[in-house]
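The block underneath contains the structure these notes are about, expressed in structure tokens.
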Amino acid sequence: MFNKILVANRGEIATRVIRACKEMGIPCVAVYSEADAQSLHIQLADEKICIGEAISAKSYLNMDNIIKAAIDTGADAIHPGYGYLSEKKEFAERCQENNITFIGPTPENLGLAGDKIAGKNIMEQAGIPTIPSSPGAIDDIEEAKRIAKEIEYPVMIKSSGGGGGRGIRVCETEEMLVDEFSVAKMEAGAAFGNDAVYLEKFIVEPRHIEFQVLADQFGNITHLGERECSIQRRFQKLIEEAPSPRLTPDLRKKMGDAAIQAAKAINYFNAGTVEFLLDKNDQFYFIEVNSRIQVEHPITEMTTGIDLVKEQIRLSAGGRLDYTFDDLTIRGWAIECRINAEDPARGFLPSPGTIEEYRVPGGFGVRLDSHIYQGYELPIYYDSLIGKLISYDLTREGAIQIMKRALEEFVIQPLKTTIPLYIKIMEEKDFQNGDFNTTYIQRFLPEEGEDDEEDDI
Ligand code: ADP
Ligand code: ADP
Ligand code: MG
């Protein structure tokens with residue numbers, strides 16, 4: 001096992017990883033930027049070390065400083081969390097060169113998963129259903145027009161190096177394609193340092209259903225069931241649940257097998273997620289592999305009883321995976337709401353500030369993963385995710401009731417958050433019936449141009 005783990009991240013996921021280290025009896029080091037000196041993750045860790053200025057490029061994305069921090073503190077492993085350096089092949093290689101274990105997939109895995117086009121081609125060869133798309137990156141608009149006609153509108157422009165819903169555009173007509181194509185390319189270049197874009201057929205009103213996978217270094221791979229992540233804004237998840245109310249045992253088996261096949265096709269190691277879209281005719285399509293711990297991992301932990309972060313650490317230390325999905329008892333239902341400091345009534349505009357009044361929910365079936373506290377001032381430099389509220393019960397209905405009750409207890413003042421929106425969703429009939437898809441959230445948003453001054457969400 002490791003002597004000391006450095007946690008190369010911030011926010012709720014840093015606290016999550018530090019908690020796992022504590023329970024495993026492994027000393028841990030928190031890193032922080034100059035803007036994060038007040039963050040809870042630093043207070044929880046055994047050691048702390050500043051890695052640079054507020055902007056992420058100079059701190060949380062600064063490989064030199066992070067590797068140096070690990071060497072200086074004697075850490076022999078780094079947990080990268082999600083986002084930041086978690087899927088950077090070069091970072092995993094740099095760790096290796098310095099005899100530090102990168103707690104995550106291999107550099108080869110990261111190289112493939114970070115290149116959506118290459119990843120997709122491998123899956124196609126492995127016989128996994130994928131969405132009709134351009135065979136590779138598209139350079140000019142004439143080629144884009146030709147291919148869009150072939151795969152038929154509506155089409156989606158996607159960025160090969162993209163993530164977090166960024167760099168995605170839907171085009172219903174050739175006119176829209178012409179308008180969006182060069183902008184999308186420019187945006188992808190600026191956001192991901194890789195301006196490769198490709199076209200994919202747009203699946204109308206799909207559900208996003210993904211499978212958690214775990215793999216050891218000896219070729220053992222299993223999945224741990226699915227997560228339903230269809231409630232999204234701007235192609236980013238807001239509410240997730242496990243299991244999915246949409247899957248039948250038969251479909252679960254087919255998709256779970258495909259997820260394992262996908263992981264095997266790229267020789268996957270450690271924790272990862274295979275994402276699929278499911279259309280109205282029960283046809284599912286591979287979209288991507290996320291090579292890291294996922295934001296929504298807690299709901300899988302609640303229904304399987306397996307601590308995924310501890311499993312990541314154990315597998316990276318050479319541990320064996322000695323169970324498969326069939327050995328697990330999937331019990332009950334879990335729902336996660338991503339608590340964002342954003343104003344849903346204003347296009348999810350970030351709402352930073354200082355937390356003056358803070359009251360957390362508790363009681364049976366409630367879990368809160370967060371890094372905030374009373375008096376905490378949200379830095380303006382980072383993501384607006386301030387916590388994840390998870391409810392758990394033996395039934396879906398019970399998990400919804402617990403979530404609604406917990407959301408109502410939750411006070412974070414004076415910030416605008418997504419909490420009031422989630423209370424409405426918990427009370428909404430289609431959600432309660434499990435009848436929704438990736439367009440669901442639209443009904444709660446103000447119409448374009450509408451004066452939303454009095455809207456209370
Ligand atoms: P998931 O696929 O795990 O559901 P997302 O794809 O939305 O989640 O992205 C994971 C999280 O990491 C999000 O909170 C996102 O904002 C964050 N993230 C992604 N890339 C970066 C980055 N480069 N810097 C900081 N945070 C990032
Ligand atoms: P990211 O890397 O940003 O997470 P994904 O490929 O996983 O990108 O897609 C994010 C979301 O965008 C999906 O969950 C889904 O809602 C939507 N999406 C992606 N591809 C398609 C598609 N071909 N048709 C319809 N919706 C899609
Ligand atoms: Mg995705």
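In listed order, ligands and their atoms are each counted from 1.
- A side-chain contact (heavy atoms from CB on, under 4.5 Å) with Glu228 holds for exactly one of Ile299, Ile209, Leu278; it is Ile209.
- Shown here for Pro105 and Tyr268, the closest heavy-atom pair between the two residues is CG-OH, 3.1 Å.
- Applying the 4.0 Å criterion to heavy atoms of Glu200 picks out, from ligand 2, the atoms 20 (N), 21 (C), 22 (C), 23 (N).
- Evaluated for a side-chain contact (heavy atoms from CB on, under 4.5 Å) with Arg207, the options Phe436, Phe276, Phe284 yield exactly one hit, Phe436.
- Set against the non-hydrogen atoms of Ile131, the atoms of ligand 2 under 4.0 Å away are 23 (N).
- Side chains of Glu275 and Asn290: a donor-acceptor N/O pair is present below 3.5 angstrom, by distance only.
- With Lys158, Lys120, Glu288 as candidates, the residue nearest to atom 6 (O) of ligand 2 on a non-hydrogen basis is Lys158.
- Residue contacts to the Mg ion (ligand 3): Glu275 brings an N, O or S atom closer than 2.8 Å.
- The minimum distance between the Mg ion (ligand 3) and any N, O or S atom of Glu288 involves atom OE2.
- Note: no N/O pair closer than 3.5 Å links Thr438 and ligand 2 by distance alone.
- No side-chain heavy atom of Gln232 sits less than 4.5 Å from a side-chain heavy atom of Ile441.
- Proximity of Glu275 to ligand 2, defined as any heavy-atom pair under 4.0 Å, is confined to the side chain (atoms from C-beta onward).
- A salt bridge links Asp282 to Arg246: at least one charged side-chain nitrogen sits closer than 4.0 Å to a carboxylate oxygen.
- Between Ile203 and ligand 2, a contact under 3.5 Å exists for at least one N or O pair.
- For the side-chain contact (heavy atoms from CB on, under 4.5 Å) with Ile335, the lone residue among Ile402, Ile239, Ile390 that qualifies is Ile239.
- Residue Gly165 has at least one N or O atom closer than 3.5 Å to an N or O atom of ligand 2.
- Below 4.0 Å from some heavy atom of Phe235 lie the following atoms of ligand 2, by number and element: 10 (C), 11 (C), 12 (O), 17 (C).
- In this model, no donor atom of one side chain and acceptor atom of the other lie less than 3.5 Å apart for Ser33 and Tyr381.
- Residue-level proximity to ligand 2 for Gln232 is carried by the side chain, the only part with a heavy atom below 4.0 angstrom.
- Applying the 4.0 Å criterion to heavy atoms of Leu277 picks out, from ligand 2, the atoms 15 (C), 20 (N), 21 (C), 22 (C), 24 (N), 25 (C), 26 (N), 27 (C).
- Distances from ligand 2 to the non-hydrogen atoms of Lys116 include at least one value under 4.0 Å.
- Below 4.0 Å from some heavy atom of His208 lie the following atoms of ligand 2, by number and element: 13 (C), 14 (O).
- Relative to the six-membered ring of Tyr422, Arg233 misses at least one condition, a distance below 6.0 Å or an angle of at most 45° to the axis.
- Contacts with ligand 2 closer than 4.0 Å are made by no heavy atom of Asn290, backbone or side chain.
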Ignoring hydrogens and angles, write down the donor-acceptor pairs under 3.5 Å from the side chains of residues 186-199, residues two or more places apart or on other chains.
residue, atom, partner, partner atom, Å
Glu187, OE1, Arg169, NH2, 3.3
Glu187, OE2, Arg169, NH2, 2.7
Asn194, OD1, Ala196, N, 3.0

